[in-house]
Number of protein chains: 2
Amino acid sequence: MELIEIIGLVAATLTTSAFVPQVYKTWKHKSTRDISFTMYLAFFVGTMLWLYYGIQHQSLAIILANAITGILVLFMLFLKLIYK
Amino acid sequence: MELIEIIGLVAATLTTSAFVPQVYKTWKHKSTRDISFTMYLAFFVGTMLWLYYGIQHQSLAIILANAITGILVLFMLFLKLIYK
């Protein structure tokens, strides 16, 4: 695998896993006052469109990254709704 | 342009512009207690790697999306540092 493709995989891993510490923090502190619902809603819709794009292009990297991001972002929306 | 490529552009626009309402909310309320610094730091590094990936692949879509996201995420890191 070329170096630039490894860089792409690291990039995808970072922008996907970045949501884990936010989910953890929100889950632990049960407070979402400073979190924008609109941000996570727009991000979720965008992620679902990326997922469809990945499926159409048969790109496992795009499918995997957006499926995981979608779950994390959906969980943030859920936390935002239950912890006002 | 094929429909699937338009869907890709809409997806990129959504996952990029999603940060705008979060930046606006944080700027307005001057509070970042519920925001994870680690999330934005990981996302920023990931975005910079995507930017490099886009430059190497000469993909204007990847370059544009990640340059804008990078600025918005960097601004969130700045707000997180000044509004504890």
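Note on naming: letters A, B, ... go to the chains in the order of the sequence lines (proteins, then strands), and numbering restarts at 1 for each one.
- Following chains of ILVMFWY side-chain contacts shorter than 4.5 Å, one cannot reach B/Ile62 starting from B/Leu74, and the two form parts of different hydrophobic clusters.
- From B/Lys28, atom NZ reaches atom OG of A/Ser36 across 11.5 Å, with rounding to the nearest 0.5 Å.
- Annotation: maximal heavy-atom pairing with chain B below 4.5 Å, among A/Ile35, A/Val45, A/Leu41, A/Ile7, occurs at A/Ile35.
- Using a 4.5 Å heavy-atom cutoff, the side chains of B/Glu5 and A/Gln56 are not in contact.
- Both the backbone and the side chain of B/Thr47 come within less than 4.5 Å of a heavy atom in chain A.
- Connection of B/Tyr83 to B/Phe78 is established within a shared hydrophobic cluster, with ILVMFWY side chains joined at heavy-atom distances below 4.5 Å, either directly or through further cluster members.
- For the options B/Ala12, B/Ser31, B/Gly8, heavy-atom pairs under 4.5 Å to chain A are most numerous at B/Ser31.
- Across B/Gly46, B/Ala11, B/Ala42, the residue that shares the most heavy-atom pairs under 4.5 angstrom with chain A is B/Ala11.
- In this model, no donor atom of one side chain and acceptor atom of the other lie less than 3.5 Å apart for B/Asp34 and A/Thr32.
- More than 12 heavy atoms of other residues, nucleotides or ligands lie within 6.0 Å of CZ in B/Phe37, so this atom counts as buried by the packing criterion.
- A/Val73 and A/Leu49 fall into different hydrophobic clusters, where Ile, Leu, Val, Met, Phe, Trp and Tyr side chains are chained together by heavy-atom contacts under 4.5 Å.
- Inspection of the A/Gln22 and B/Tyr40 side chains reveals no N or O donor paired with an N or O acceptor under 3.5 Å.
- In plain terms, the two heavy atoms of A/Ile4 and B/Tyr53 that are nearest each other are O-CD1, 3.3 Å.
- Under a hydrophobic clustering in which Ile, Leu, Val, Met, Phe, Trp and Tyr are joined whenever their side-chain heavy atoms come within less than 4.5 Å, directly or via other members, B/Ile71 and B/Leu64 fall into different clusters.
- Heavy-atom minimum distance, B/Met39 versus A/Pro21: N-CG, 3.9 Å.
- Among B/Asn66, B/Val10, B/Leu14, the residue making the largest number of heavy-atom pairs under 4.5 Å with chain A is B/Leu14.
- Side-chain contact check for B/Thr38 versus A/Tyr24: every heavy-atom pair is 4.5 Å or farther apart.
- Residues A/Thr15 and B/Phe43 approach most closely at O-CE1, 3.3 Å, considering heavy atoms.
- Hydrophobic cluster membership differs between B/Ile63 and B/Leu9, with clusters built from Ile, Leu, Val, Met, Phe, Trp and Tyr side chains linked at under 4.5 angstrom.
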